[in-house]
Amino acid sequence: MRALILTAAVVLLAACKPAPTDTAAPVAATPAPATAPASPEAPAPEPGTAATPAPAATESVPAAPASDEGSAQVNQSIEEVLGDPAIYEPAIRAFQKAVAAHDAAAVARMVDYPFSVTVDGKPTKIKDAAAFVAAYDKIVTPAIAKVVSEQKYTELAVSGKGVMFGNGEAWINGICKDNECKAVDVRVVAIQSTEAAAH
């Protein structure tokens, strides 16, 4: 009887030992299936992820033009009449900054030569930057400097003659660098007093 009980106990123990192995096997196998579906599902979230930034970008992009709507309109006019506003706008702002700082050399570098201007009431041809700097205070008078410095970008006038400051105290336009005018230098093409014309 004891032999039978012992034999039964051994059989039961032998039957119980493989059980942990069987349990371990599914545990080891479980991560593999869990990882496998993750990769097929990964592409699916990608479109969703890509779509998520798009609305965010759409919301932020209008914000800038909305706050600077006038500038956008001026740039649209420049594009329609003169060319790429990405070339014109930096030149316009640099010109204003140089005039406001009374930086004669910087302004002189932006001028298209030979430059026709009235100095001391006489029509004068300025041949180069050095001559422009020498006559700077007679060309860019305090009245003209005030107009250029205080000109709002949103209120610039655009025509086939270029971009006009004030009532015509200064003009900026593109100068063609080749026959087909594919390459353009944006230059100051006129600086003049409009006081006489106003009276």
Side-chain angles (χ1 to χ4, degrees), residues 60-199:
S60 62
V61 171
S67 63
D68 203 12
E69 187 177 341
S71 294
Q73 290 175 351
V74 169
N75 284 342
Q76 185 178 346
S77 296
I78 289 173
E79 186 169 14
E80 290 172 356
V81 179
L82 302 173
D84 187 359
I87 299 171
Y88 282 83
E89 184 173 354
I92 291 165
R93 296 193 186 278
F95 175 56
Q96 286 188 283
K97 184 178 178 181
V99 170
H102 197 269
D103 189 341
V107 174
R109 286 193 295 271
M110 300 176 198
V111 171
D112 181 47
Y113 299 102
F115 189 68
S116 298
V117 68
T118 300
V119 177
D120 293 331
K122 298 177 182 177
T124 306
K125 285 270 187 184
I126 305 291
K127 62 178 183 177
D128 56 27
F132 186 94
V133 170
Y136 183 84
D137 289 324
K138 292 182 179 182
I139 299 170
V140 185
T141 63
I144 291 173
K146 187 176 189 304
V147 169
V148 172
S149 302
E150 295 179 0
Q151 173 71 54
K152 292 180 180 178
Y153 192 87
T154 56
E155 295 175 1
L156 286 165
V158 181
S159 73
K161 295 180 181 180
V163 179
M164 183 180 82
F165 290 76
N167 293 317
E169 283 84 354
W171 287 81
I172 282 182
N173 204 351
I175 306 300
C176 297
K177 295 171 69 177
D178 55 44
N179 292 335
E180 295 178 3
C181 208
K182 288 184 178 179
V184 172
D185 269 341
V186 178
R187 297 284 178 180
V188 177
V189 295
I191 297 175
Q192 60 198 356
S193 172
T194 60
E195 291 176 1
H199 294 298

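Note that the numbering runs from 1 along the sequence shown for the chain. If you're wondering where the values come from, they're calculated on a predicted model, not measured in any experiment.
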Legend entry - side-chain hydrogen bond (donor to acceptor under 3.5 Å, both in side chains) partners of Ser71, counting only residues at least two apart: Asp68

Legend entry - Gap between atom OH of Tyr88 and atom CG of Leu156 - 0.5 Å precision: 13.0 Å

Legend entry - Heavy-atom side-chain contact between Val188 and Val148 under 4.5 Å: no

Do any side-chain atoms of residues 132-143 form donor-acceptor pairs under 3.5 angstrom with protein atoms, and if so which ones, sequence neighbours left out?
from, atom 1, to, atom 2, distance (Å)
Asp137, OD1, His102, NE2, 2.7
Lys138, NZ, Asp120, OD2, 3.1
Thr141, OG1, Ile144, N, 3.3

Pairs of donor and acceptor atoms involving the side chains of residues 104-116, under 3.5 Å and at least two apart or interchain, shall be tabulated with distances.
from, atom 1, to, atom 2, distance (Å)
Tyr113, OH, Ala108, O, 2.7
Ser116, OG, Lys125, NZ, 3.2

Legend entry - From Gln96 atom CD to Glu150 atom CD, the distance as rounded to the nearest 0.5 Å: 10.5 Å

Inset, instruction - Output the distance between atom CG (Asn75) and atom CG (Asp84), rounded to the nearest 0.5 Å. - result: 9.0 Å

Legend entry - Thr124 (side chain) donor-acceptor with Lys122 (main chain) under 3.5 angstrom: yes

Legend entry - Within 6.0 angstrom of Glu80 CD, more than 12 heavy atoms from elsewhere: yes

Inset, instruction - Not counting sequence neighbours, which residues clear side-chain hydrogen bond (donor to acceptor under 3.5 Å, both in side chains) with Glu79? List them please. - result: none

Validation: residues 160-176 side-chain donor-acceptor distances under 3.5 Å, sequence neighbours left out:
from, atom 1, to, atom 2, distance (Å)
Glu169, OE1, Asn167, N, 2.7
Glu169, OE2, Thr194, OG1, 2.7
Asn173, ND2, Lys161, O, 2.8

Inset, instruction - Kindly give the heavy-atom pair with the smallest separation between Pro90 and Ile87, and that separation in Å. - result: CD-O, 3.6 Å

Inset, instruction - Apply salt bridge (Lys or Arg N to Asp or Glu O under 4.0 Å) to Arg93 and list each qualifying residue two or more places apart in sequence or on a separate chain. - result: Glu89

Legend entry - Residue pair Leu82 / Ser159: nearest heavy atoms and the distance that separates them: CD2-O, 3.4 Å

